[in-house]
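Remember, it's 1-based here, ligands and their atoms both numbered in the order they're listed.
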Amino acid sequence: MPVNYSGTWDIVSNVNFEGYMVSLGIDFATRKIASMLKPQKVIKQDGDCFTIRTFTTFRNYECSFKIGEEVTEVTKGMDNRSCQTVVNWENDKLVCIQKGEKKNRGWTHWIQGDELHLELTCEDQVCKQVYKRTL
Ligand code: VL7
């Protein structure tokens, strides 16, 4: 049985979100607001087709993709850059590469017990987030 990421997930920890935002060039005031947020992820998975919605009280973000298919992603409401984005399976992990102006940009999701893990990478910065299923 392949993993199913579908569900509603609430953040429980967020390490080095500040470093990640700095690497994206997010301004000071926006970083101060963003650092207070408690994002919720709503993931819909239908085979190899995904929609990941990230909700906060400040801004929301949505991205849809099919495994192995490159899409142009505009990170609207975040750093507003355009990337060539592709997501692949690495065993049960979802590994995303966001090719563009920023070097070494991407993210990886995996599930560990009842937790959804996310590593966000840009340049030399890694932000590590953990989410739990809403009860
Ligand atoms: C990663 C935000 C900080 C700007 C606003 C903060 C609002 C919520 O890439 C992401 O998720 C992937 C993996 O699940 C799927 O799209 C979202 C959010 C990082 C970067 C930039 C601060 C302003 C954040 C929308």
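- Of the candidates Y20, F58, W9, F17, it is F58 that places a heavy atom closest to atom 5 (C) of ligand 1.
- For atom 12 (C) of ligand 1, the nearest non-hydrogen atom of the protein is W107 NE1, 3.6 Å.
- Judged by distance alone, the side chain of T75 and the main-chain N or O of N80 form a donor-acceptor pair under 3.5 Å.
- The protein non-hydrogen atom at the shortest distance from atom 7 (C) of ligand 1 is L37 CD1, 4.0 Å.
- Annotation: Q98 places no N or O atom under 3.5 Å from an N or O atom of ligand 1; distance criterion only.
- Residues Q129 and V15 have side chains not in contact (no heavy-atom distance under 4.5 Å, counting atoms from C-beta outward).
- For T51 against S64, the heavy-atom pair with the smallest separation is OG1-OG, 3.0 Å.
- Nearest approach of C96 to T85, heavy atoms of both residues: SG-CG2, 3.5 Å.
- Near I52, meaning under 4.0 Å from any of its heavy atoms, are these atoms of ligand 1: 14 (O), 15 (C).
- Counting the atoms of ligand 1 from 1 in the order shown, those under 4.0 Å from a heavy atom of Y61 are 16 (O), 25 (C).
- Atom 22 (C) of ligand 1 has as its closest protein heavy atom A34 CB, 3.8 Å.
- Under a 4.0 Å heavy-atom criterion, F55 is not in contact with ligand 1.
- A cation-pi arrangement is not found for K41 relative to W9, the charged atom failing to lie both closer than 6.0 Å to the ring centre and inside a 45° cone about the ring normal.
- The main-chain N or O of I26 is found under 3.5 Å from a side-chain atom of R31 such that the two form a donor-acceptor pair.
- Remark: distances from the non-hydrogen atoms of H109 to ligand 1 include one below 4.0 Å.
- With a 4.5 Å cut-off on side-chain heavy atoms, I67 and W89 count as touching.
- Of all the listed residues (K76, M36, M78), M78 holds the heavy atom that lies closest to atom 18 (C) of ligand 1.
- Between C127 and N16 the shortest heavy-atom distance is CB-O, 3.5 Å.
- Ionic pairing of K128 and E119 is not present here: no N-O contact between side-chain nitrogen and carboxylate oxygen is shorter than 4.0 angstrom.
- Of all atoms in ligand 1, numbered sequentially from 1 with element shown, those under 4.0 Å from a heavy atom of M21 are 3 (C).
- Under 4.0 Å from ligand 1, not a single heavy atom of T75 appears.
- Numbered from 1 in the order shown, with element, the atoms of ligand 1 that lie under 4.0 Å from a heavy atom of I26 read 4 (C), 21 (C).
- Of the listed residues (L94, L120, V87), the one carrying the non-hydrogen atom nearest atom 9 (O) of ligand 1 is L120.
- Taking the six-membered ring where the residue is Trp, Y20 and F17 present parallel rings, their angle staying beneath 30° rather than reaching 60°.
- The part of K41 lying near ligand 1 is the side chain, judged by heavy-atom distances below 4.0 Å.
- Residue T56 has at least one heavy-atom neighbour below 4.0 Å for each of these atoms of ligand 1: 8 (C).
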